[in-house]
Protein chains: 2
Amino acid sequence: MTHAFATRLSAHFATLPVQMQKAARWVLEHPQDAALLSMREQARRAGVQPATMTRLAQALGFDGYDAVRALHAQSMRHAQQGLSGRAEERLPLEAGSPEAAARAMLTHAGEQMGQMTRPDLLDALAQAAQILGQARRVFSLGRRSSHAVAWHFHYALSLVSDRAQFLGDAAGSGLDPLLRAGPQDALLVCGVAPYTRSVVEAVAQAHAQRVQVVALTDGPLSPLIVPDAVALIVPTHSASFLHSMTPAFLIAEILAALVARADDPATLARLDGLDRQLAALNTFFHDPKEVSP
Amino acid sequence: MTHAFATRLSAHFATLPVQMQKAARWVLEHPQDAALLSMREQARRAGVQPATMTRLAQALGFDGYDAVRALHAQSMRHAQQGLSGRAEERLPLEAGSPEAAARAMLTHAGEQMGQMTRPDLLDALAQAAQILGQARRVFSLGRRSSHAVAWHFHYALSLVSDRAQFLGDAAGSGLDPLLRAGPQDALLVCGVAPYTRSVVEAVAQAHAQRVQVVALTDGPLSPLIVPDAVALIVPTHSASFLHSMTPAFLIAEILAALVARADDPATLARLDGLDRQLAALNTFFHDPKEVSP
DNA sequence: CATATGATGAAACATATGTTGCATTGGCCC
DNA sequence: GGGCCAATGCAACATATGTTTCATCATATG
């Protein structure tokens, strides 16, 4: 979607008059219509005068609105034939170029996503969601490359529940809350090889205290999978130098959503509305006044 | 193409006059042009009189040629969102079982990955990698749902370079390093709607100090995209209550890999070997002794 | 408060569009 | 070959389109 139009727009948007912003916003949200409909029809749907569309195009440095439409048309063409498969010819990339590498990693990630609809993973997810949903407190733990995953899960859960508690490493005492945990509590731990020792030990400790463990990890033989733990096993193989944590991240996100869903539908709906309202308000304004604190 | 056009055409084609057949054949072979171009332009390209196009449409039972074009336009819309396009409309929001919900979210994520092979994103990635690779210092910044993304990028980069510096919020002074930054430095900032005010302000500040900015965000109008910034725009639509950060996470991971690759191949190779050795050693042992500190 | 600057809406404009009427052509049957 | 009819090309038409102009309005500046 981000062709020259969006680029030029983002450079000028803040300084644009209100009506043009309105028009621009509509165009951004309806790239297909921008390609297929007449300018006047677009103006009608955007709730704007026809002249405004022309002025917008000119303000962005285009000859006229036809140029804008042509741009969207071209983009639509590319998008369609890009998806249908024979897109290789129009990207003559050198092997080893950054673009080629990026493309390879993206493709690889896409394939990994596809592999993750395994039934056992879905089962494990549902099981984990139930455990975490019923727990009195939900601890999250992850270090190094797994830190972001665990933290994100914690953050998502904390939006809808005050049962979430993150086990950081602040002043070396981050794991202390675990000492007071018991069978009513649950621990989501994320870790991949090479496993961080403190994490492995913490999980063992948790297990010893009969804390329910959900392990988001990279293989069935991971040391994080203690007896009775629910294991969420994700691929980590990557084309780059470090393991890909994206699959784990996705699973964490999904798990948080599942837990939240079961947690309190009312809270959830409210948060949903609020969030999207804020988003709608803020997305298209550069004015710092319009952002959330 | 399965529209009504082809159907009606095949029924009448044999009995059609030569000129109309010529026109019809062209339309069949250029469905995209049939949707995007004006009738007269299509007639021109097909080597046919404008009137012939109208007559063809009428001969097939359409009101006029606009109907034919509308048909192709609709088909093009569907094709684009059907293959792997904007999946927003058909999100199975509240699927019944957790398994179904999980599956829906996984599928959705997979489609999003597919969307991200857009040429402009690849370009932006390469551009961003170059900027970050040449910078004296690389700051990373992200709050709330974007925190994990920014942090993960920082962590990955810190594995291969000591130029990485994370702008946390420790004691309210996390942003201070930015005050001493300049044109030689670069900032990777991640943020999605609703944008956190302090982040927006920090980016503005960075830009004022001519720090090179790479913005990983959710739309071309994001306030994080300051002039001269490289914009990495990722989808954030999600089937769950909170925006999906997985695409952003993946891009961050890829970007880190690209930067690292350009940074120092030797260091990279060494780290790679070490990492995999450790992994091989540890993956299959539960013994805590075998894990890294 | 007066003024100037720019945004906005309405209308006018030239042009391109989709369509239709009409003349010409070309082929076919008697 | 003559007469007929569909097919084709051309031109005119009404309309819609993209653009520009101008008057009005809001707002900021002095």
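Naming convention: chains lettered A, B, ... in sequence-line order (proteins, then strands); numbering from 1 in each chain.
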* Which nucleotide in the list D:dA7, C:dG18, D:dT20 gets nearest to the side chain of A:Gln58? -> D:dT20
* Which whole-number value in Å describes the distance from B:Tyr65 OH to C:dT17 P? -> 13 Å
* Structure fact -> In whole angstroms, the gap separating C1' of C:dA16 from CZ of A:Arg40 amounts to 13 Å
* Length of the CD-P vector between A:Gln42 and D:dA16, whole Å -> 17 Å
* To do: Given side chain to side chain contact (heavy atoms under 4.5 Å, CB included), test A:Leu37 with A:Arg44 step by step and report yes or no.
  => CA-CA 11 Å; A:Leu37 270 44; A:Arg44 225 162 292 152; over 6 Å; no
* **A:Arg55 side chain, from C-beta outward: closest of C:dG9, D:dG18, C:dT17** => C:dG9
* Structure fact -> In whole angstroms, the gap separating P of D:dG9 from CZ of B:Arg44 amounts to 16 Å
* Specify the separation, in whole Å, of atom CG of A:Leu56 and atom P of D:dT19. => 11 Å
* Structure fact -> Which of D:dG18, C:dT20, C:dA10 is nearest the side chain of A:Asp66? It is D:dG18
* Minimum-distance nucleotide (side-chain atoms of A:Gln19 versus D:dT8, D:dT19, C:dT8) -> C:dT8
* Value in whole Å for how far the C1' atom of C:dT17 lies from CE of B:Met53 -> 13 Å
* To do: Using side-chain contact (heavy atoms from CB on, under 4.5 Å) as the criterion, point out the one residue from B:Leu167, B:Leu188, B:Val213 that pairs with B:Leu141.
  => B:Leu167
* Starting at CZ of A:Arg69 and ending at C1' of D:dG18, how long is that distance when rounded to a whole Å? -> 9 Å
* Could you walk me through whether A:Leu71 and A:Phe62 pass the side chain to side chain contact (heavy atoms under 4.5 Å, CB included) test, one step at a time? => CA-CA 10 Å; A:Leu71 222 63; A:Phe62 295 99; 3.9 Å; yes
* Atom CE of B:Met20 and atom P of D:dG9: how far apart are they, to the nearest Å? -> 11 Å
* How are the rings of A:Phe249 and B:Phe249 set relative to one another: parallel (under 30°), tilted (30 to 60°) or perpendicular (over 60°)? -> parallel
* Asked: Could you go step by step and tell me if A:His30 and A:Arg45 meet the side chain to side chain contact (heavy atoms under 4.5 Å, CB included) rule?
  -> CA-CA 10 Å; A:His30 303 84; A:Arg45 302 200 185 185; over 6 Å; no
* **Nearest to side-chain heavy atoms of A:Pro17, which nucleotide of D:dT8, C:dT8, C:dG18** => C:dT8
* Structure fact -> Closest to the side chain of B:Thr54, out of C:dT19, D:dT17, D:dC10, is C:dT19
* Can you figure out which of D:dT19, C:dG18, D:dT8 approaches the side chain of B:Val18 most closely? => D:dT8
* Out of C:dA10, C:dG18, D:dT19, which nucleotide sits closest to the side chain of A:Gln49? -> C:dA10
